[in-house]
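These notes concern the structure reproduced below.
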Amino acid sequence: MLLPILSPQNNTIVSLLQRCRTLEHLKQTHAHLTTTQPSSIARILSFFAFSHLSYANHVFSLIPNPTVFMYNTLIRAHSTSSPPHIAFSLYIQMLRNRTFPNKFTFTFLIKACSLSLSSKLLSDLHSHVVKWGFAYDAFLQSGFVQLYANCGLIDNARQVFDQIVERDVVSWTALLSGYAKCGMIKTAREVFDGMPEKNSVSWAAMIAGYAQSGSYEKAIEMFNEMQFANLHPTQATLVCILSACAQVGALDQGQWVHAYIKRNKVPRTLSIDTALINMYARCGCIENSVQVFNQMPQRDTHAWTSMICGMAIHGLGHEAINTFEDMLSSGAKPDGVTFVGVLTACSHACLVDMGRHYFHIMGEIYQIASGAEHYGCMVDMYGRCGLLDEAWELVMAMRMRPDAIVLKALLSACYNHGHVGMAEWAAKRLIEVDPCHGASYVMLSNVYSGGERWGDAEGVRSMMREKGIAKVPGCSLIEVRGVLHRFVVGEKEHPLMREINLMLVEMGRRLRLAGYVPAVKQVLFDIDEEERENILGRHSEKLAIAFGLLSIEAPAPIRVLKNLRVCLDCHVATKLISKVFEREIVVRDNLRFHRFVGGSCSCMDYW
Ligand code: ZN
Ligand code: ZN
């Protein structure tokens with residue numbers, strides 16, 4: 001092989017190496033260079049370190065006295081991908097060879113350490129940094145703030161941060177996201193507010209912190225403020241906001257984000273599209289989900305699963321199953337969540353044989369162990385299709401002890417079919433499994449009240465009082481022109497309360513004309529009939545619907561999100577409202593969607 005005459009310039013060496021097509025060719029060029037230009041070895045090493053790491057290791061092993069630059073090159077190459085101990089053993093080898101580390105050595109070691117998140121390794125590294133005199137290097141300090149925070153050692157993070165003389169946006173953001181990750185959202189916010197300068201990473205950390213701690217409305221609020229600050233959200237922030245919108249049913253806001261993505265030509269990644277599918281499905285706009293899904297150039301398990309689960313919670317059983325079959329033919333692999341969607345779909349469409357079939361192949365063909373959610377779906381399916389005995393047998397045949405999900409499904413099934421005996425069993429187990437969860441007591445008490453066993457109902461109520469268990473207050477959200485309004489049961493604080501009260505009276509009048517009789521049986525408190533009716537009339541979803549009728553123009557549907565299961569009375573009332581007011585009403589409760597149109601509901605009165 002003929003080699004060109006070499007100039008000693010480094011870039012020529014690199015371009016010469018770059019021109020090699022095979023590793024063999026590279027090795028030959030390398031051999032040639034070592035004989036003709038011994039001084040080029042550092043360049044050669046850094047070339048191989050980022051293209052052929054194992055060959056770089058070999059090149060390095062032949063160097064008799066590597067310089068700190070050479071050590072750093074190899075440590076850096078190992079810091080991003082290899083197990084962290086390789087970078088650290090190079091560091092130890094370096095010290096043994098009496099080569100002194102510099103600031104960059106530690107920068108790369110911090111990076112290696114972030115892959116392992118071992119607090120022992122971290123504190124060892126920190127003491128070395130101090131020993132070599134870099135304790136006050138702001139860049140390294142920022143790195144340690146981040147590392148300590150990621151390891152959950154927030155106090156150490158704070159200590160390092162407090163020692164930084166010149167704090168920049170990176171160190172501030174590291175501290176802020178540390179607090180957010182440890183769930184100390186208030187402190188994170190204090191740090192955020194105290195920052196002299198913020199960039200889009202700082203905003204992203206704060207928004208993610210709110211979303212992770214379940215403060216979705218706060219996350220959305222921050223996102224809007226970020227727009228005013230004229231900063232561009234990162235892709236991760238957009239995904240985070242879309243899922244916050246999905247959680248609280250903020251459709252207008254979600255649509256705004258979708259428009260933003262289109263307007264700013266944000267690259268359509270799998271995670272962005274999947275977040276859009278989820279957001280539309282969970283905000284009650286399944287058509288838009290399908291549209292996004294159909295336009296995706298490629299789909300992974302998450303994307304398929306989101307589509308299937310979205311269709312399932314909307315009661316589109318057949319569509320969900322067809323999508324699942326398409327998924328299988330596309331070669332994508334279903335996971336446990338996919339099967340939750342498929343089984344939910346079978347339940348909604350009462351496809352009992354198919355449900356059994358999918359439940360069976362999940363374990364047999366896809367080797368996915370059936371979890372409580374899958375059993376819950378099956379029990380729900382049997383219950384919905386009136387096969388109470390099958391539901392019972394399945395629960396009895398479970399290999400694990402039935403947990404809250406399964407018991408709730410069984411309880412609902414018994415409750416809907418008025419089987420007091422089985423319901424009593426399920427509710428008592430549910431209270432054993434989850435003694436602090438108010439809903440189990442409420443359901444048991446409701447079962448007794450439904451069966452007119454007032455004494456037993458009273459017994460459950462006094463048990464609740466003795467144990468100091470509070471009923472979770474009902475709460476509904478409704479979005480009007482991009483603003484979320486929150487109503488709790490018996491709400492009196494809303495600025496438009498007077499108008500809402502008038503609307504409630506009007507609703508009551510028109511419903512009674514249409515033959516509505518309040519379903520008071522379920523109300524469990526020690527109060528007389530009239531007051532029971534009053535409490536039912538002020539359930540949070542009724543307030544939200546009244547507000548929706550006042551402030552959302554027809555024919556746009558009224559969308560409400562409720563934190564608890566919709567009660568029987570609200571269900572009956574909402575069906576009638578959709579008829580007498582000629583409005584489509586979509587209510588998402590903690591389990592599924594109810595789409596009320598013309599006096600009937602998409603759940604077919606089973607939920
Ligand atoms: Zn209600
Ligand atoms: Zn319904």
Side-chain angles (χ1 to χ4, degrees), residues 249 282 284 286 311-317 344-345 347-350 380-381 383-385 408-409 412-413 415-417 438-439 442-443 445-447 449-450 471-478 486-491 500 503-504 507-508 511-512 516-525 527 529-549 557-579 581 583-607:
R282 296 189 57 104
I286 193 70
M311 288 167 162
I313 52 169
H314 279 271
L316 302 169
T344 309
S347 163
H348 276 273
C350 251
D380 198 65
M381 178 182 81
R384 172 183 283 265
C385 309
K408 270 182 203 156
S412 280
Y415 182 70
N416 276 294
H417 293 286
V442 175
M443 272 207 136
S445 170
N446 283 351
V447 167
S449 314
K471 185 175 181 263
V472 178
C475 170
S476 294
L477 284 170
I478 179 168
R486 180 183 285 274
F487 292 92
V488 291
V489 55
E491 172 83 45
I500 293 171
M503 180 49 95
L504 284 171
M507 272 162 61
L511 289 189
R512 264 189 294 276
Y516 162 73
V517 183
V520 288
K521 266 188 185 173
Q522 276 195 0
V523 184
L524 53 90
F525 301 100
I527 42 176
E529 201 85 347
E530 195 184 278
E531 207 175 328
R532 279 188 196 180
E533 218 178 288
N534 199 359
I535 283 197
L536 276 178
R538 303 195 66 83
H539 272 182
S540 64
E541 59 268 56
K542 288 209 185 79
L543 295 169
I545 291 169
F547 179 61
L549 285 170
I558 294 169
R559 299 173 199 278
V560 174
L561 191 147
K562 167 104 201 267
N563 65 335
L564 306 173
R565 182 181 186 272
V566 176
C567 83
L568 177 67
D569 180 65
C570 286
H571 202 265
V572 172
T574 312
K575 282 200 293 187
L576 271 176
I577 295 168
S578 74
K579 189 172 166 194
F581 286 83
R583 285 300 286 270
E584 179 184 344
I585 300 168
V586 181
V587 178
R588 183 179 120 197
D589 70 7
N590 58 345
L591 288 177
R592 69 193 72 216
F593 274 95
H594 301 265
R595 186 185 287 261
F596 300 91
V597 183
S600 58
C601 178
S602 63
C603 76
M604 316 292 269
D605 297 336
Y606 186 99
W607 73 99

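One-based numbering, in listed order, for ligands and for the atoms of each.
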N, O or S atom within H539 nearest to the Zn ion (ligand 1), by name:
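Minimum-distance N/O/S atom of H539 relative to the Zn ion (ligand 1) is ND1.
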Quick one, R538 and L543 - any side-chain contact, counting heavy atoms below 4.5 Å?
yes
At the Zn ion (ligand 2), what is the angle formed between atom SG of C603 and atom NE2 of H571, rounded to the nearest 10°?
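SG of C603 and NE2 of H571 make an angle of 100° at the Zn ion (ligand 2), to the nearest 10°.
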With no hydrogens and no angle check, just 3.5 Å: does a side-chain donor-acceptor pair link R592 and H348?
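A pair is found: one side chain offers a donor N or O, the other an acceptor, under 3.5 Å apart.
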Side-chain donor-acceptor pair present, D569, H539, cut-off under 3.5 Å
no
Closest to the Zn ion (ligand 2), which N/O/S atom of H594 is it?
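It is ND1 of H594.
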In short, K542 meets C570 closest at the heavy-atom pair NZ-SG, 3.3 Å
